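Reading through the structure tokens given below for one structure.
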Amino acid sequence: MVRFIEVCKRFGKLQVLDNVSIDVEKGIRTAILGPNGSGKTTLIKTLLGMVIPDSGDVLFKGESVIGKHKYRREIVYMPQIALFPQNLTVKELLDLIPKLRRQSARYDGLIERFGVNEFMHKKMNALSGGMRQKVNLVLAFMFDVPLIILDEPTNGLDPVAVLELKKLLREEEEKGRTIIFTSHIMDFVQQMADRIVFLLEGVVKFKGTVEEILQETDSSSLEEAVASLILKNQKVKDYA
Amino acid sequence: MLKIIGYVIKDLLRNRWTLFYLLFYLLVGFAILIFSGDFSKSTVSFLQIILILTPLIGTLFGVMYYYNSRDFIELLLAQPIRRRDVFIGQWLGVSVSLGTSLVLGLGIPFLWYFAQYEVAGDQFVLLLLLGFALGTIFTGLAMAVSVSTDNKIRGFGYALVLWLLMAVVYDGFLLLALIAFRDYPLEKFALIATVFNPIDLARITILLKLDISALMGYTGAVFREFLGSTTGMILASSVLILWMLLPFALITLIAKKRDF
Ligand SMILES: Nc1ncnc2c1ncn2[C@@H]1O[C@H](COP(=O)(O)OP(=O)(O)O)[C@@H](O)[C@H]1O
Ligand SMILES: [Mg+2]
């Protein structure tokens with residue numbers, strides 16, 4: 001469904017993405033992992049057309065996305081930082097985005113699941129970080145589209161909401177949706193991801209299933225596996 | 001794109017900016033008509049407002065609105081909307097809002113004045129149109145500058161310098177050049193130089209209409225001499241309309257290359 005082909009991107013002197021090639025198959029949940037600043041958000045943004053690669057290409061359903069916009073009808077994106085016009089109420093925002101996308105949306109069930117119905121008439125700037133994140137989630141799941149991209153969806157969520165999110169992700173997978181997400185919470189990733197991509201300083205250091213990463217690093221948990229990948233690469237650097 | 005223009009207009013109504021500018025222009029309009037006494041004096045005051053203030057307000061507001069809606073722009077960019085439409089939509093939304101405030105805010109005092117005294121109204125219509133055009137052009141230039149840098153202060157700085165160059169410095173330089181080279185035939189140079197400044201174009205258009213020679217300055221006189229009042233006016237206003245395409249092209253080009 002999505003192919004990143006030798007994507008390179010630099011911001012000034014910083015090589016943020018270095019020859020990144022990844023295939024994401026339809027119906028698969030892919031987690032992109034890596035320390036802060038490793039290029040996860042930038043990678044996602046190349047798929048959304050927000051960041052333009054210096055070289056390489058990004059394909060969605062076999063076609064390059066660069067310079068296009070219609071393909072985004074089939075993608076929803078939940079950004080890492082909630083990006084809302086601050087003077088709208090939650091309800092106004094939830095009604096505005098479908099109009100801008102020219103797509104119908106259903107949020108009645110979702111607002112109840114995340115408790116957003118309790119503050120539908122509050123303005124966005126009056127919400128706490130966690131509340132905003134919940135609105136962010138409702139926005140991402142209210143459209144019926146084949147690809148969902150979530151950047152740090154667990155950020156600032158209370159445990160109840162995290163559980164709800166996990167349930168939701170399982171349901172979406174059963175519906176055959178493709179999901180790409182990033183997260184810092186390794187338990188969450190271990191439970192929710194079919195595939196893992198590990199990025200370090202813009203370089204793909206691992207791609208495969210959870211079992212494969214555990215085997216390859218000889219670890220018993222994802223946390224351990226990721227730590228050992230980071231350490232291994234630090235050592236390589238030290239010797240170099 | 002219409003949806004975005006509509007959203008911006010609603011947004012500016014909601015946070016009362018449109019109303020603020022409307023009141024501002026109303027106040028200025030009534031004040032000038034009531035206190036300047038003599039009608040030709042008030043015409044000159046309106047001219048200054050249109051030529052200096054509308055570009056300044058467009059510049060400041062274009063920059064401010066862009067940086068304030070930076071987050072929302074990112075949200076829009078992730079939607080199935082053409083990149084160009086996001087930015088052009090913002091520009092036109094802001095321009096239409098500011099322009100409406102201007103036309104209503106000065107238009108209402110005019111109407112009130114016309115109801116009492118018999119004066120020619122067509123020059124005021126022209127004045128308002130020119131104000132609308134200048135506001136739109138400068139809002140667009142300011143947005144083009146803002147899109148090119150994430151640094152708010154720098155964006156404000158560059159946009160203000162641009163306004164200052166066009167509104168103030170340009171005339172001074174032109175005058176200096178004319179004095180320095182006064183032994184040469186400079187009419188063509190003056191004509192060409194004017195084309196590069198929308199404020200100058202607007203000034204010449206309205207002065208040719210009003211036929212106030214004293215205020216016309218060298219370039220205005222050249223326009224009249226070379227082209228006659230009517231042709232000169234049509235030419236100057238056509239070039240002004242072409243000027244509106246420049247922000248369109250600049251915003252589109254700059255936005256196309258940027259990362260968000
Ligand atoms: N628009 C930008 N301009 C300049 N540098 C950027 C920009 N976006 C991201 N970066 C830099 O690129 C690096 C990777 O950022 P990001 O992709 O957000 O990492 P992650 O999501 O993995 O934490 C960081 O060092 C960040 O500062
Ligand atoms: Mg990130």
Side-chain angles (χ1 to χ4, degrees), chain A residues 9-12 16-17 41-42 44-54 60 65-89 92-93 95-103 123-125 132 135-136 139-140 143 145 147-149 151, chain B residues 1-20 61 64-94 97 147-152 154 251-260:
Chain A
K9 181 70 193 178
R10 78 179 33 244
F11 287 124
V16 180
L17 295 174
T41 300
T42 305
I44 285 174
K45 284 182 168 180
T46 62
L47 169 55
L48 289 159
M50 298 167 77
V51 168
I52 300 148
D54 297 332
F60 178 73
V65 303
I66 294 171
K68 310 241 174 66
H69 67 280
K70 290 199 179 110
Y71 74 98
R72 290 197 286 266
R73 278 187 201 143
E74 301 185 61
I75 305 177
V76 287
Y77 166 56
M78 170 178 165
Q80 180 169 7
I81 310 157
L83 307 165
F84 305 130
Q86 295 297 313
N87 57 356
L88 292 185
T89 66
E92 285 167 335
L93 180 70
D95 292 332
L96 173 69
I97 303 298
K99 270 190 211 142
L100 290 171
R101 286 182 72 100
R102 297 166 193 272
Q103 268 175 341
K123 289 207 170 180
M124 294 306 306
N125 56 10
R132 280 174 204 217
V135 175
N136 223 350
L139 272 177
F143 294 100
V145 296
L147 176 59
I148 301 177
I149 300 173
D151 201 355
Chain B
M1 174 141 85
L2 282 178
K3 291 240 164 62
I4 295 176
I5 296 177
Y7 169 77
V8 173
I9 292 174
K10 264 192 232 157
D11 185 39
L12 289 173
L13 276 174
R14 183 198 306 266
N15 56 32
R16 300 201 178 84
W17 276 107
T18 307
L19 192 67
F20 172 80
F61 206 75
M64 200 184 79
Y65 194 78
Y66 175 78
Y67 287 110
N68 279 346
S69 43
R70 194 49 227 279
D71 279 355
F72 188 51
I73 287 174
E74 265 191 54
L75 183 70
L76 289 176
L77 289 173
Q79 312 304 328
I81 303 172
R82 200 191 300 270
R83 200 178 251 223
R84 188 188 68 200
D85 291 355
V86 170
F87 294 92
I88 298 297
Q90 296 253 332
W91 168 39
L92 294 182
V94 172
S97 298
V147 179
S148 73
T149 172
D150 273 340
N151 186 329
K152 203 173 180 168
R154 200 177 291 175
I251 293 175
T252 307
L253 272 177
I254 296 170
K256 195 172 168 186
K257 292 193 184 133
R258 282 238 26 204
D259 299 310
F260 291 91

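Atom set for the values below is all heavy atoms of this structure, side chains included, hydrogens, waters and symmetry mates excluded. The structure displayed is predicted, hence computed values, not measured ones. By convention in this document, chain letters (A, B, ...) are assigned in the order of the sequence lines, proteins followed by strands, and residues within each chain are numbered from 1.
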Measuring only between side-chain heavy atoms, which start at C-beta, is Leu48(A) closer than 4.5 Å to Leu77(B)? no

Which of Lys45(A), Glu74(A), Gln86(A) touches chain B most, by non-hydrogen pairs under 4.5 Å: Lys45(A)

Heavy atoms, side chains only, cut-off 4.5 Å: are Lys70(A) and Pro80(B) in contact? no

Taking side chain as everything from C-beta outward and backbone as N, CA, C, O, which of these in Lys9(A) sits under 4.5 Å from a heavy atom of chain B? Side chain, backbone, both or neither. side chain

From Asn87(A) atom CG to Asp11(B) atom CG, the distance as rounded to the nearest 0.5 Å: 5.0 Å

Any side-chain heavy atom of Arg83(B) sitting closer than 4.5 Å to one from Ile52(A)? yes

Do the side chains of Arg14(B) and Glu92(A) get close enough for a salt bridge, i.e. N-O under 4.0 angstrom? yes

Within the supplied structure, the quantity of interest is the number of heavy atoms (other residues, nucleotides, ligands) at a distance under 6.0 Å from Lys3(B) NZ; does it exceed 12? yes

Is Ile149(A) in contact with chain B via its backbone, its side chain, both, or neither, using a 4.5 Å heavy-atom distance? neither

Hey, which of Arg258(B), Glu74(B), Arg70(B) has the most heavy atom pairs under 4.5 Å with chain A? Glu74(B)

For the atom pair OH (Tyr7(B)) and CG (Leu96(A)), what is the distance rounded to the nearest 0.5 Å? 6.5 Å

Check the surroundings of atom CZ in Arg73(A): do more than 12 heavy atoms from other residues, nucleotides or ligands lie under 6.0 Å from it? no

What part of Phe11(A) is in contact with chain B, defined as an atom under 4.5 angstrom from a non-hydrogen atom: side chain, backbone, both or neither? side chain

How about Leu88(A) and Phe72(B): do any of their side-chain heavy atoms sit closer than 4.5 Å? no

Segment of Arg82(B) engaging chain A (4.5 angstrom heavy-atom cut-off): both

By a 4.5 Å heavy-atom criterion (distance strictly below it), what part of Leu76(B) contacts chain A: side chain, backbone, both, or neither? side chain

Does NZ in Lys256(B) sit with more than 12 non-hydrogen atoms of other residues, nucleotides or ligands closer than 6.0 Å? no

Just so I know, are the side chains of Ile97(A) and Leu75(B) near enough to count as touching, which here means a heavy-atom distance under 4.5 Å? yes

